[in-house]
Amino acid sequence: MTSVFEQHPDFLWHAPEPRSSYDVVIVGGGGHGLFTAYYLAKLHGISNVAVLERGWLGGGNAVRNTTVIRSNYLWDESAAMYEHSLRLWEGLTEELDYDILFSQRGVLNLAHNLGDVREGVRRVNANRLNGVDAEWLDLDDVAEFCPQVNISPELRYPVLGATLQRRGGIARHDALVFAVARAASALGVHLIQNCEVTGIELDGGRAVAVQTSRGRIGAGRIGLCAAGHSSVVAAMAGVELPIQSHPLQALVSEVLEQVLDCVVMSNAVHVYVSQAHKGELVMGAGIDPYNSYAQRGGFHVIEQQMAAALELFPIFATAHVLRTWAGIVDVSPDASPIVGATPVDGLFVNCGWGTGGFKATPGSGWVYAHTLATGQPHELNRPFSLERFETGALIDEHGAAAVAH
Amino acid sequence: MLLIPCPWCGPRDEVEFRYGGQAHVAYPADPEAIDDREWSRFVFYRDNPKGRFAERWTHQHGCRRWFNLVRDTATHQIAGSYALGEEPPA
Amino acid sequence: MMRRLAEGGAIDRSQERTVVVNGVSYQGYAGDTVASALLANGLIAVGASSVFGRVRGVVSAGGEEPNALVQVTAPWSEPLVAATLLELPEQALEVSLLPGLRGRLAGDDEQRHDHHHAHCDLLVIGAGRSGHAAAAAAVAEGRRVILAERDFRPIELAGDEAIALPRTTALGSYDDNFVTLVERVSPVRRRLWHVRAGEVVLATGAYERPLVFPGNDLPGVMLAGALRTYLERFAVAAERPAVFCNNDRGLEVARLLGAAVIDLRAGRTVVGVEDAGEDGLSVLVAPLEAPADIERIECDVLGVSGGFDPVLDLHLHRGGRVRWHEGRACFVPDGALPRQRIVGAAAGEGLPAVQAHWLLPGDESQAFVDLHRDVTVAELRRAVGAGLQSIEHVKRYTLIATGADQGRTAKTNATAIAAQLLGSGVAEVGSSTTRPPVEPISFAALAGRARGERFDPVRTTPIHPWHVDRGAVFEDVGQWKRPRYYPRDGEQMDAAVLRECAAVRGGVGMMDASTLGKIDIQGPDAAEFLNRLYTNAYDTLKVGRCRYGLMCRADGMVFDDGVVSRVADDRFFATTTTGGAAVVLDWMEEWLQTEWPQLRVWLTSVTEQWATVAVVGPRSREVLAAVVPGVDLSAEAFPFMSFVDTAVAGADAHVSRISFSGELAYEVSVPGTRGLELWAALWSAGEPHGVTAYGTETMHVLRAEKGYPIVGQDTDGTVTPIDLGMDWIVSKTKPFVGSRSLRRPDTMRPDRKQLVGLLPDDPALRLDEGAQVVLDPNLRAPVPMAGHVTSSYDSAALGRTFALALVRGGRDRIGHSLYVSQSGVTARATVVEPVLVDPQGARRDG
Amino acid sequence: MAELRRGGSLSQLGLRVMAGGDAAGRVERLLGVPLPQSPNTVREGVLWLGPDEWLIVGRPEDEPRLREVLAGEGAAVELSSNRVSLELSGPQAPDVLASCCSLDLHGDAFPTGRCAQTLVAGAPVIIERVDDRPGFRLLVRPSLAMYVESWLADGIVGLA
């Protein structure tokens with residue numbers, strides 16, 4: 001067995017002192033912020049860029065998520081955005097010259113009632129027309145693809161079928177943060193850690209600088225990428241966002257011999273699980289209902305998650321939960337992100353990814369870099385504007401959640 | 001598992017309650033008289049502060065009453081509950 | 001080599017116990033752990049390390065153990081259990097050592113694991129001296145006390161309101177003093193305690209920390225305090241111990257054991273350890289200032305003590321703060337959380353002064369910081385050299401402190417060494433937080449008894465036994481089981497549904513509609529209240545009449561529908577969808593209490609008060625006549641959308657003439673306890689007319705033939721009443737919740753997706769529900785989509801297939817063709833009005 | 001030691017009226033019992049469910065009579081079929097409940113004469129402490145009764 005740390009290179013990034021101003025200041029050094037900076041430098045020739053991070057790079061949701069990567073979203077706008085992101089994922093290891101352990105092992109989404117089946121079939125058909133790989137699996141196919149799933153008809157909510165996106169999978173979140181930070185740093189981007197933004201300076205209705213724990217930093221344009229704290233940071237410029245912040249919990253088991261080789265999600269039974277490269281089971285739980293920035297949630301959510309997991313995977317019964325944790329997810333009214341301009345000139349926002357942020361990081365950074373470089377949205381993020389909440393042109397990814405007859 | 005002080009039933013586990021988001025958001029007096037922007041504020045925008053937050057809860061599986069609560073969203077410390085229509089405690 | 005002493009210790013030599021390690025039996029005693037039994041038998045090596053495959057030994061005597069994690073194989077199966085905590089049970093215990101520390105799952109867990117909720121005034125975690133004192137004092141005051149202790153030794157704590165829990169680990173600390181504990185009820189059974197405590201005392205002690213020096217991972221290098229524990233508690237000792245320490249506590253152990261001492265404070269360090277085989281260890285000792293000036297100390301075991309780390313997991317779980325204590329070289333609590341106290345060693349009390357030398361001389365690639373993850377000082381140096389400044393990055397780069405042992409022996413050393421390499425203070429590099437659980441807990445123990453029939457309720461109606469008796473195939477609708485269809489001998493669903501549909505339209509059918517949500521609405525302002533919530537008006541509804549209603553969310557999207565009956569001037573009875581029952585009542589209460597408290601209206605859920613049977617079809621009147629002989633059922637006396645209150649089979653009955661199929665139909669409701677009798681009475685009355693029981697599938701077909709949407713199937717939260725073609729039910733004269741949203745630019749677009757009917761060109765082709773509508777059959781991704789098929793059936797009445805679909809600008813496409821794409825195949829279909837059967841409504845009156 | 005059995009059918013009436021008002025007074029005269037004002041208490045078959053809500057259990061009054069005396073100033077609803085009763089008693093009955101219910105059932109916190117609406121294994125129930133054996137009555141939706149019974153029966157098994 002080789003040492004697991006050998007994957008990481010000898011050098012990652014510089015720790016420069018902040019300049020007095022930058023062409024673009026990005027607030028938030030998570031996956032979205034780092035990719036935005038990277039693509040600004042790489043694709044738009046703008047490397048006079050600072051990424052300001054309150055704590056340590058990736059210390060928010062980037063390293064707290066369960067790393068499920070997929071693009072099988074229902075609506076055209078979402079599918080286009082996430083598919084663009086997935087295509088970028090497929091080239092990242094090479095592009096960043098870093099093994100981010102992106103593993104396209106397939107993402108199963110189980111259906112447990114007739115409503116789920118309709119929704120799944122609908123999504124598969126829409127995905128295929130959008131050029132997103134998608135398959136509908138009947139029960140036998142599910143059993144063949146993932147023999148570990150309990151398909152007994154005796155289950156409280158028996159599995160009736162599943163959608164499968166074979167190109168979906170998982171990656172190593174730490175490695176992704178290291179990889180893109182290294183690449184951005186190498187292109188001259190300043191990664192400034194322990195630098196908390198405490199204010200946004202406006203001049204004649206235009207955002208011109210940020211106040212930080214390390215002094216004032218001028219900015220040609222400011223891009224907010226502070227998932228979990230989007231509302232707090234935007235409020236510094238007087239900008240209100242239709243965002244609510246909630247805890248989202250996840251957990252991990254000890255390292256186990258291989259027991260699961262795909263990603264399994266079940267909305268009806270509330271499970272999503274994969275087995276990471278080192279061998280630990282990684283599972284996501286439900287969102288806690290109340291607003292919170294505390295990065296912790298309720299224990300009962302974990303217990304319910306375990307009961308649900310054992311319904312589907314009795315074989316996990318003796319595995320141990322090693323660690324639970326929570327991130328802060330920004331939830332928007334239509335469960336879709338907001339990427340684009342704000343009412344304040346020079347200030348842009350990228351938030352509201354809810355539970356879907358990690359998989360979107362390259363795509364999100366790509367379109368946001370375009371937006372920050374040109375002042376205009378890219379075609380892919382144009383629909384994800386703040387204005388949609390006024391016009392009503394939502395991109396409602398909640399789906400047909402209601403069970404009704 | 002928060003312990004929510006229902007004004008009627010006393011402290012009970014969070015799972016007996018349903019969250020109702022920001023308190024003191026009045027339904028527009030005449031929705032037809034306001035523009036799309038203003039209407040969208042009512043439908044989609046709620047405060048999301050880090051810190052003290054006046055919010056609504058209902059004791060869904062208890063006495064079914066709605067009430068207000070002041071809670072710190074950074075620490076989950078609850079300052080207290082109070083009736084709908086009352087001002088939050090200082 | 002360590003061995004068991006002839007006497008002493010807290011073991012019970014009268015009770016022999018057996019542990020089988022990798023197939024070899026070893027003897028121990030009651031009171032032993034697997035680790036102490038192994039050591040007593042002269043075994044110290046416990047397996048190969050995770051990365052380098054180096055042989056490792058027992059390090060500790062407690063929960064911090066990084067190496068001695070074993071897989072239990074019998075009498076139960078469990079991966080990665082700390083041998084230092086694993087008590088020898090009465091039955092022979094079989095374990096296997098884990099090369100690479102990778103656990104194995106061996107199937108479901110048949111053991112019973114309970115959950116338990118408890119309340120107390122004071123919860124004390126840790127029954128050491130400080131914890132026990134705190135608990136005893138509270139018991140003396142008559143308070144309700146729970147004292148939890150991870151160890152298995154008995155706890156003395158007497159009092160009516162006192163609960164002492166040995167073998168119980170506090171797993172996690174949550175808001176408002178909610179603490180979870182796991183009690184090892186038996187070697188394999190767990191009880192998960194959910195404790196809500198008025199006050200919490202953390203008396204969790206401190207873990208000793210190893211020193212980081214070359215060769216510190218060899219079997220035989222152990223924590224000094226562990227040597228003391230093995231001696232005093234388990235009567236296991238080495239003949240020739242040595243101790244390497246930087247504090248007085250280490251020195252005490254050395255004195256107790258009669259060990260050779262290497263004291264860092266005296267400027268001496270260990271620059272290497274060699275395995276001397278049978279002879280034990282050869283420790284290479286040198287002055288700190290002259291590391292090449294080596295002398296050897298031969299010993300069996302080398303006890304190390306690098307200081308102590310207060311155990312603050314439970315404090316940290318809730319965001320408690322810590323600060324670096326320079327003199328003791330550890331993080332100590334910086335105040336306690338509200339209604340919590342931290343006492344004893346956990347608070348840093350009584351911990352020895354430490355003279356810290358974090359970075360000791362010698363080969364850094366042989367100096368292990370994390371034994372579990374196999375990380376050395378060399379890797380730490382490499383991480384720092386890569387530009388990393390936060391311990392969190394260092395952890396992720398090296399994997400230090402991320403293992404199943406929670407990195408207890410590694411964390412502080414890693415942070416302090418990284419700080420030294422960076423030339424900064426320990427606190428600046430960061431105190432790594434910890435997350436629940438404090439010790440690993442199995443999925444099965446967390447799930448507890450919520451397995452099988454207790455996972456989630458199966459809700460059934462009072463008429464359910466009849467459905468089961470008749471061989472119904474059920475569908476899960478939320479938690480309810482509803483009959484989907486009633487197959488006759490060998491019949492598949494499609495055939496059964498065609499038969500049931502034909503029977504209803506041709507004669508009479510019965511369906512159990514009891515799962516529909518039902519809400520009683522009383523009060524002088526009830527009509528006004530409903531006016532504000534439903535899209536149509538209720539003040540104009542006459543007593544004795546019913547009206548179909550739709551509700552929108554504030555965003556104007558349809559979220560439920562049902563029928564509202566006016567029972568009295570000040571009383572209405574509303575039905576909701578099955579899935580919407582609770583949601584709609586909550587929704588109503590929310591508006592009533594929070595927005596319109598001045599309205600005098602009272603809402604009560606009566607879903608289960610009433611059992612409801614739909615009697616549907618041209619012969620339904622005759623069936624009903626037999627059970628309500630006194631009621632004039634003529635179309636004139638009992639018109640469509642009206643109801644009568646009467647009695648059926650001796651029970652109070654509410655009979656409505658409403659129809660979800662376009663046929664003459666009645667819904668009869670009686671108190672739930674009489675539901676089965678009602679069904680039986682109607683069935684007997686129906687038998688002469690050839691009555692057929694039908695399920696949800698037939699109900700769906702019949703309603704779809706009439707173009708009636710099902711909320712949640714033909715809508716998905718993005719559909720307005722106008723989109724459904726229900727303008728007729730949307731009041732233009734009164735505001736209702738959501739009405740303003742219907743005037744937004746996007747909701748007024750003429751090309752919104754609208755509900756229409758589809759007739760496939762091939763009348764035998766049943767489109768897939770979820771198939772996509774396209775305008776151009778030339779499919780090259782990305783293909784613009786114009787909507788999707790929401791409902792699709794084979795119709796007995798039409799003698800062909802049909803579908804409902806949401807189609808962009810659909811109303812304007814009626815009469816035109818479009819295409820439907822499903823599973824890569826494209827089919828042509830014609831857009832039609834959604835009402836396909838009896839568009840004139842002639843059948844409604846029978 | 002604990003015993004579980006399904007209770008017999010009980011007449012149940014839902015009452016909504018402003019506490020202390022004229023209409024409440026008329027109801028009290030009809031019942032011959034003051035409506036309990038203290039939250040989560042029971043008085044002669046009248047259970048406090050909310051500040052303006054009571055459940056009248058096992059009493060002879062009926063919905064029409066109540067509606068008549070309320071005269072539009074409140075609501076009365078016949079609910080006899082809306083919930084069934086389960087009876088759990090014995091020295092360890094609180095332990096059985098504690099396996100699936102987070103309420104504090106200690107004799108001081110929940111003495112005889114107390115009731116509460118809460119959750120048992122996630123299912124909504126009304127729990128009433130009926131005596132000091134101790135005995136509890138649980139009022140449960142009929143469709144959830146088997147599920148709740150399953151939990152309680154399992155809790156009894158777990159005592160062993």
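Remember, predicted model here, so these are calculated numbers, not experimental data.
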Original post:
Is it true that atom CD of B/E86 has more than 12 heavy atoms of other residues, nucleotides or ligands lying nearer than 6.0 Å?
Top reply: yes

**OP:** Against chain B, work out which of D/P51, D/P124, D/A116, D/S102 has the most heavy-atom pairs shorter than 4.5 Å and name it.
**Re:** D/P51

Subject >> D/D131, CG: over 12 other non-hydrogen atoms inside 6.0 angstrom >> reply: yes

**OP:** Kindly give the heavy-atom pair with the smallest separation between B/C63 and D/G50, and that separation in Å.
**Re:** CB-CA, 4.0 Å

Original post:
What residue in D/V125, D/L119, D/L49 has the most heavy-atom pairs under 4.5 Å with chain B?
Top reply: D/L119

Subject >> B/R12 side, atom CZ; D/Q117 side, atom CD - distance, nearest 0.5 Å >> reply: 8.0 Å

Original post:
With a 4.5 angstrom heavy-atom cut-off, which part of D/I126 approaches chain B: side chain, backbone, both or neither?
Top reply: neither

Original post:
What is the distance from atom CD of D/E53 to atom CZ of B/R64, rounded to the nearest 0.5 Å?
Top reply: 4.5 Å

Original post:
Does the side chain of D/T118 come within less than 4.5 Å of B/E16's, by heavy atoms?
Top reply: yes

Original post:
Are B/R65 and D/D52 close enough, and set up right, to give a salt bridge (Lys or Arg N to Asp or Glu O under 4.0 Å), and what steps lead you there?
Top reply: CA-CA 10 Å; B/R65 297 302 99 186; D/D52 66 351; 3.7 Å; yes

